[in-house]
Amino acid sequence: MLEYDVLSGRIMSKDNSFDISSKTDLNEVRNAIHQTMKEVQQRFDFKGSKSEIQLDGTELVLISDNEYRLRSLVEILEQKLVKRSVSLKALTYGKVQPAAGSTVRQTVSIQQGITTEKAREITKFIRDTKLKAQASIQGDVVRVSSRDRDILQQIIALIKEKDFGIDMQFTNYRTF
């Protein structure tokens with residue numbers, strides 16, 4: 001797109017940009033937890049089990065009788081999350097720890113936003129592509145801007161090809 005600059009009398013192209021973010025819909029996570037608990041209550045292999053899942057902010061706490069049942073609980077939860085379009089890349093599993101009442105506990109962090117280290121890795125990757133685009137870190141979001149929309153499309157394709165190990169969304173695609 002071109003724009004006429006009245007002051008200089010030249011035709012100038014507009015800047016285009018998009019944001020790379022990483023947000024997980026916690027409502028979908030809650031729904032998956034409810035579905036998981038409903039299935040656990042109906043399954044024969046969980047009869048009399050002390051299995052439960054608690055959501056505390058952006059952290060899940062999974063509790064079960066033993067490691068075998070905990071693994072089964074994680075599998076069921078992951079199936080429900082995938083059905084609800086929640087990426088499993090957004091989950092970071094902690095170690096299985098013994099808990100009160102002869103149970104085991106595992107914490108699972110839900111990713112909300114891009115960490116500074118990952119944001120630096122993404123901006124370095126964009127710089128290394130040698131495409132005419134600028135990437136800047138703005139809080140927990142990486143903003144990519146360029147004069148050419150085609151370059152932004154190429155960057156999106158390249159980022160999708162490379163696995164950064166996190167769930168990413170490309171939002172706020174705009175021209176200004």
Side-chain angles (χ1 to χ4, degrees), residues 17-126 135-144 155-174:
S17 72
F18 70 90
D19 292 342
I20 304 170
S21 63
S22 181
K23 299 283 185 215
T24 305
D25 187 352
L26 293 178
N27 289 327
E28 292 296 341
V29 173
R30 276 190 207 91
N31 291 336
I33 291 170
H34 291 301
Q35 287 179 336
T36 301
M37 292 313 298
K38 189 181 265 186
E39 183 172 327
V40 164
Q41 291 167 357
Q42 294 173 352
R43 282 180 49 158
F44 181 75
D45 56 339
F46 279 97
K47 284 280 190 242
S49 169
K50 298 176 184 172
S51 299
E52 66 174 294
I53 303 172
Q54 302 165 349
L55 177 63
D56 183 30
T58 60
E59 204 166 83
L60 294 171
V61 179
L62 290 83
I63 301 170
S64 196
D65 299 329
N66 54 42
E67 285 192 44
Y68 171 75
R69 280 195 177 144
L70 185 67
R71 267 196 306 269
S72 296
L73 186 65
V74 168
E75 283 179 23
I76 297 168
L77 177 63
E78 286 179 349
Q79 290 171 0
K80 302 301 180 189
L81 288 170
V82 168
K83 282 184 182 177
R84 299 204 143 272
S85 301
V86 176
S87 175
L88 298 181
K89 285 184 178 181
L91 304 178
T92 307
Y93 292 91
K95 290 184 179 177
V96 177
Q97 303 170 334
S102 70
T103 59
V104 290
R105 169 186 302 157
Q106 184 175 23
T107 58
V108 181
S109 299
I110 302 170
Q111 178 182 336
Q112 290 291 61
I114 299 175
T115 62
T116 307
E117 297 83 42
K118 284 289 179 192
R120 285 186 185 135
E121 188 180 332
I122 293 167
T123 56
K124 182 182 182 322
F125 175 75
I126 293 169
S136 61
I137 301 170
Q138 303 193 343
D140 58 355
V141 173
V142 176
R143 176 157 294 153
V144 183
I155 289 173
I156 290 173
L158 289 170
I159 289 174
K160 284 182 178 178
E161 279 179 24
K162 182 169 170 46
D163 183 25
F164 287 97
I166 59 172
D167 180 40
M168 291 186 281
Q169 296 91 33
F170 303 98
T171 58
N172 287 339
Y173 195 97
R174 56 179 125 164

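Values in this document were obtained by computation on a predicted structure and should not be read as measured data. Residues: numbered from 1 along the sequence shown. Basis for what follows: all heavy atoms, side chains included, without hydrogens, waters or symmetry-related copies.
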Find out whether [X] and [Y] are in side-chain contact, i.e. whether some heavy atom of one side chain is under 4.5 Å from a heavy atom of the other.
X: Gln54; Y: Glu52; result: yes
X: Lys23; Y: Asp140; result: yes
X: Ile122; Y: Ile137; result: no
X: Val144; Y: Phe170; result: no
X: Ile114; Y: Val141; result: no
X: Ile63; Y: Val104; result: no
X: Val108; Y: Glu59; result: no
X: Glu121; Y: Phe164; result: yes

If you measure only the distance, is there a donor-acceptor pair under 3.5 Å linking the side chains of [X] and [Y]?
X: Asp65; Y: Ser49; answer: yes
X: Ser51; Y: Ser64; answer: yes
X: Ser22; Y: Gln111; answer: yes
X: Asn66; Y: Arg69; answer: no

In terms of heavy-atom contacts, does [atom1] of [X] have more than 12 from other residues, nucleotides or ligands at under 6.0 Å?
X: Arg84; atom1: CZ; result: yes
X: Asp45; atom1: CG; result: yes
X: Tyr68; atom1: OH; result: no

message: Could you go through Asn31 and Gln35, starting from their C-alpha distance and side-chain angles, then the distance that decides it, and tell me whether this counts as side-chain contact (heavy atoms from CB on, under 4.5 Å)?
response: CA-CA 6 Å; Asn31 291 336; Gln35 287 179 336; 5.5 Å; no
Can a donor-acceptor pair be found, under 3.5 Å and without considering hydrogens, that links the side chain of [X] to the backbone of [Y]?
X: Thr24; Y: Leu26; result: no
X: Gln106; Y: Gly94; result: yes
X: Lys118; Y: Ile166; result: no

Using 4.0 Å as the upper bound for N to carboxylate O, is an ion pair formed by [Y] and [X]?
X: Glu117; Y: Arg120; answer: no
X: Asp19; Y: Arg143; answer: yes
X: Arg43; Y: Glu39; answer: yes

task: Taking all non-hydrogen atoms of both residues into account, name the closest pair between Ala135 and Ile126 and its distance.
output: CB-CD1, 3.9 Å
Just verifying a value: how many Å separate [X] [atom1] and [Y] [atom2], rounded to the nearest 0.5 Å?
X: Leu88; Y: Gln79; atom1: CG; atom2: CD; value: 10.5 Å
X: His34; Y: Ile53; atom1: NE2; atom2: CD1; value: 10.5 Å
X: Glu78; Y: Lys83; atom1: CD; atom2: NZ; value: 13.5 Å

field: Test side-chain hydrogen bond (donor to acceptor under 3.5 Å, both in side chains) applied to Asp167 and Gln169, step by step
entry: CA-CA 7 Å; Asp167 180 40; Gln169 296 91 33; 2.9 Å; yes
- line: Given the options Thr36, Ile33, Val96, Leu73, Leu62 meets side-chain contact (heavy atoms from CB on, under 4.5 Å) only with Leu73
Worked check of side-chain contact (heavy atoms from CB on, under 4.5 Å) between Asp25 and Val86: CA-CA 7 Å; Asp25 187 352; Val86 176; 5.5 Å; no
field: side-chain contact (heavy atoms from CB on, under 4.5 Å) assessment of Phe125 paired with Lys162
entry: CA-CA 9 Å; Phe125 175 75; Lys162 182 169 170 46; 3.3 Å; yes
Residues Leu55, Ile110; criterion side-chain contact (heavy atoms from CB on, under 4.5 Å); working and verdict: CA-CA 10 Å; Leu55 177 63; Ile110 302 170; 3.9 Å; yes
